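Everything quoted here is computed from the prediction, not taken from an experiment. Reminder, nothing fancy here: chain letters follow the sequence lines and each chain counts from 1. Every heavy atom of this structure was used, including side-chain atoms; hydrogens, water molecules and symmetry mates were not.
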Number of protein chains: 2
Amino acid sequence: MSGSPTLEDVARAAGVSRATVSRVINGVRNVNPAIQETVRQAIAATGYVPNQAARSLVTRRTGSVALVVSGAGVEGEENPFPNQVFADPFFGRVAGGVVGYLRPLGIHPVLLFAETDAARAEVVDYLRQGKADGAILVSTHGEDPLPKLLVDGGLPAVLFARPPEPLPISYVDVAHRTGAKLAADHLVARGCHRVATISGPLDVLAAQDRLAGFRDAMAMHGHPYIPCVEGAFTLDSGAAAMERLLAEHPDVDGVFAANDLMAQAALQVLHRHGRLVPDDVAVVGFDDSSAALACKPPLTTIRHPVEDMAAELARLLLAQIEQPDQRVTSVIFDPALVVRESA
Amino acid sequence: MSGSPTLEDVARAAGVSRATVSRVINGVRNVNPAIQETVRQAIAATGYVPNQAARSLVTRRTGSVALVVSGAGVEGEENPFPNQVFADPFFGRVAGGVVGYLRPLGIHPVLLFAETDAARAEVVDYLRQGKADGAILVSTHGEDPLPKLLVDGGLPAVLFARPPEPLPISYVDVAHRTGAKLAADHLVARGCHRVATISGPLDVLAAQDRLAGFRDAMAMHGHPYIPCVEGAFTLDSGAAAMERLLAEHPDVDGVFAANDLMAQAALQVLHRHGRLVPDDVAVVGFDDSSAALACKPPLTTIRHPVEDMAAELARLLLAQIEQPDQRVTSVIFDPALVVRESA
DNA sequence: AGCGGTCTGGAGAGCGCTCTCCAATATGCT
DNA sequence: AGCATATTGGAGAGCGCTCTCCAGACCGCT
């Protein structure tokens with residue numbers, strides 16, 4: 001024969017019908033053990049491997065999922081591939097968690113990038129063409145329109161982090177308030193009395209939650225008013241915020257920054273002002289990103305269980321593919337405090 | 001209707017046959033422009049999207065390729081996902097190059113990992129099942145058995161770096177000798193007179209080539225004998241080699257290490273011995289890996305055009321998929337010298 | 001006008017598989 | 001034993017698409 005063997009070939013070799021071979025392969029219904037054995041031998045003898053396309057055509061399943069890295073940016077000029085996305089250990093951890101869950105099931109993710117509107121349309125088409133059964137979305141920005149596109153298209157998808165607007169889509173997220181509370185507890189336990197915080201942009205949910213969680217926890221510790229300067233999750237905004245904090249509250253002895261990048265900036269500003277960290281001022285970040293380790297001194301921060309979250313995301317997606325009408329769910333994970341040297 | 005529209009639906013809506021619609025979609029043969037327009041409108045009206053499985057079934061093409069990260073390690077215990085592979089900027093650059101080339105063609109790579117024998121068998125099956133048309137292999141070790149498995153299986157595949165044993169498989173590689181020559185020229189131009197080198201393990205082709213290239217170039221500059229200590233591409237081996245070099249040739253004023261990791265180790269050893277880099281001893285590495293930038297001082301090194309190489313790899317693979325009987329080819333890329341502070 | 005040649009659209013045969021029916025056989029019960 | 005009831009294998013109908021063949025229309029030429 002020229003092509004690879006088909007079910008028909010195996011059936012002929014085993015002296016049974018196609019249906020029986022199919023049943024043996026898919027382990028569906030009862031098949032006489034003796035016949036099963038014959039079939040297995042015929043499969044081995046012919047070197048048969050099922051054709052995925054034919055199978056997909058009838059089952060309407062491909063057995064593969066898309067891992068989509070998406071952004072909100074309309075920047076979308078000639079940036080065919082965001083190289084730096086790989087440099088980001090966050091993405092590596094997500095991919096690790098997803099693959100860790102899917103691989104034992106024989107599923108391998110297809111990597112898609114969606115920073116531009118055109119690319120987002122491609123992702124939707126990709127799923128509509130049945131090239132993948134569903135998508136795991138990791139958005140780098142909050143305002144990403146892709147989740148809505150997928151939901152509107154009735155395509156199975158799950159999200160890393162809660163969508164800014166309510167959307168009937170399952171997601172996983174971290175308990176931001178709990179994380180902020182860990183930071184507060186740690187600063188208080190260290191003996192900090194004059195604590196301030198640098199929040200993220202307050203139109204972002206996570207930033208709101210981290211601020212609220214921090215203030216609530218500090219209030220519980222008897223510090224009802226915590227100075228806060230709003231940042232933008234960037235290095236520059238963090239530096240500016242820290243400068244202002246120092247100007248307005250020169251006696252500050254503890255700072256909680258809503259992400260590591262701003263904490264890193266804070267560290268630099270404190271250093272410039274001759275303040276020793278953690279002795280004069282203790283600093284806690286959030287995310288446990290690569291920045292946390294690069295800091296001097298290494299940053300005490302709040303770590304997301306990213307791998308676990310990613311694995312759960314994969315599980316949620318498969319469940320939704322299995323039962324499309326199931327209610328959407330969200331799973332919230334507790335973060336952990338990672339104590340390094342900055343606090 | 002329940003399911004999504006099919007070719008049949010579009011044909012009915014346009015008042016033509018399935019074949020005509022198919023021809024319009026695939027742009028094959030001539031179709032009356034008026035009819036084409038009608039068909040396009042019918043496609044838009046029905047929201048038709050071709051079903052990939054049905055298409056693949058008859059064309060025997062999936063239009064997708066596998067990007068396989070493979071290792072030789074039989075270590076294969078419970079390491080379901082090599083998280084650190086993403087941390088490696090080399091992989092990021094490869095992925096970037098591959099995606100950059102494939103994405104405009106509407107092809108998205110499927111990520112596969114193959115560190116264990118079982119995983120390698122899975123990769124072969126993946127291709128045999130027709131889940132992807134071919135594989136781009138990035139081996140982390142030289143002794144990877146996967147290339148041979150794929151060649152033996154008659155499956156389209158291409159390789160990053162020349163296989164240790166001759167194998168009928170296309171690959172891209174970097175001109176190691178040319179790179180080594182760049183290093184030699186630079187050291188000589190700096191005025192180094194007593195130059196030595198730390199080679200990689202000499203059972204690895206790349207290590208042999210780098211050493212030979214370096215020696216040849218130095219000979220051209222009138223330095224026929226260049227001391228060499230064999231390392232193993234690791235930090236430890238690099239440190240040991242540098243120690244020995246210093247002991248045997250205390251007056252060395254220039255070192256070429258066959259990769260950045262060993263160069264980094266050399267830098268550390270030189271620092272411990274109170275030698276100033278680059279003033280007392282100039283050091284050149286190879287690879288321009290992340291280590292190069294992390295070094296103190298930042299490492300002068302030889303950079304592979306990884307993205308270009310990866311893109312070429314993708315091109316080679318598609319060509320092979322298109323014409324399976326074509327002769328295998330190899331494309332060798334010239335590296336570039338990146339001058340930083342260490343030399 | 002008549003003929004070979006070219007161009008265009010339609011009909012229909014599969015691609016390899018799953019899965020619903022059916023028939024045939026085995027099993028349980030009175 | 002005799003019937004209803006599982007249990008198991010086979011036959012065959014598609015899944016949605018591409019592509020080969022064929023027929024008809026149209027062209028230019030002698």
Closest approach to the side chain of A:Asn30, judged atom by atom: which nucleotide of C:dG16, D:dT8, D:dC17 is it? D:dT8
Mark yes or no for whether A:Thr38, through its side chain, and A:Ala14, through its backbone, hold a donor-acceptor pair below 3.5 Å. no
Rounded distance (Å) that lies between atom P of C:dG9 and atom CD of B:Gln36: 9 Å
Are the side chain of A:Arg103 and the backbone of B:Phe113 linked by a donor-acceptor contact shorter than 3.5 Å? yes
Would you please confirm or rule out a distance under 4.0 Å between OP1 or OP2 of D:dT18 and any side-chain N or O of B:Asn26? yes
Between D:dG9, C:dC17, D:dC19, which nucleotide has the shortest distance from any of its atoms to the side chain of B:Ala19? D:dC19
For the student: nearest non-hydrogen atoms of A:Ala13 and A:Ala42, plus distance: CB-CB, 4.0 Å
Any B:Arg60 side-chain N or O less than 4.0 Å from OP1/OP2 of D:dT18: no
When you get a sec, tell me which of C:dG9, D:dT18, D:dG12 is the closest nucleotide to the side chain of B:Asn32? C:dG9
Counting side-chain heavy atoms from C-beta on, which of D:dT18, C:dC17, C:dG9 comes nearest to B:Val31? C:dG9
Please figure out whether A:Thr59 or B:Gly15 has its closest DNA chain C nucleotide nearer the 5' end. B:Gly15
Separation of D:dG16 C1' from B:Gln52 CD (nearest whole Å): 12 Å
Let me know the distance between CD1 of B:Ile25 and C1' of D:dC17, rounded to the nearest Å. 10 Å
Quick check for you: among C:dC17, D:dG10, C:dG16, whose closest atom lies nearest to any side-chain atom of A:Thr20? D:dG10
Under-4.0 Å side-chain N/O to phosphate OP1/OP2 contact, A:Ser22 with C:dT18: yes
Heavy atoms only, 4.0 Å cut-off, all strands: where does A:Arg18 land among base, sugar-phosphate and nothing? base
Please state how far atom CG in A:Leu7 lies from atom P in D:dG10, giving the value in whole angstrom units. 13 Å
Between the base of C:dG9 and the side chain of B:Arg29, is there a donor-acceptor distance below 3.5 Å? yes
For the student: nearest non-hydrogen atoms of B:Leu57 and A:Ala53, plus distance: N-CB, 3.7 Å
Can you find a side-chain donor-acceptor pair between A:Asp9 and A:Thr46 that sits under 3.5 Å? no
Given side chains that start at C-beta, do those of B:Leu167 and B:Leu159 come closer than 4.5 Å, heavy atoms only? no
Whole angstroms only, please: what is the CD1-C1' distance between B:Ile43 and D:dC17? 14 Å
Sugar-phosphate only, base, or nothing, as touched by B:Val28 at under 4.0 Å among non-hydrogen atoms: nothing
Round to a whole Å and report the spacing from CD of A:Glu8 to C1' of C:dG16. 9 Å
To the nearest Å, give me how far apart CD (B:Gln129) and P (C:dG16) are. 15 Å
On the side chain of B:Arg23, is there an atom forming a donor-acceptor pair with the base of C:dG10 - under 3.5 Å, no angle test? yes
Given C:dG10, is OP1 or OP2 found less than 4.0 Å from the side-chain N or O atoms of B:Ser17? yes
Please report, rounded to the nearest Å, how far the C1' atom of C:dC19 is from the CG atom of A:Leu57. 13 Å
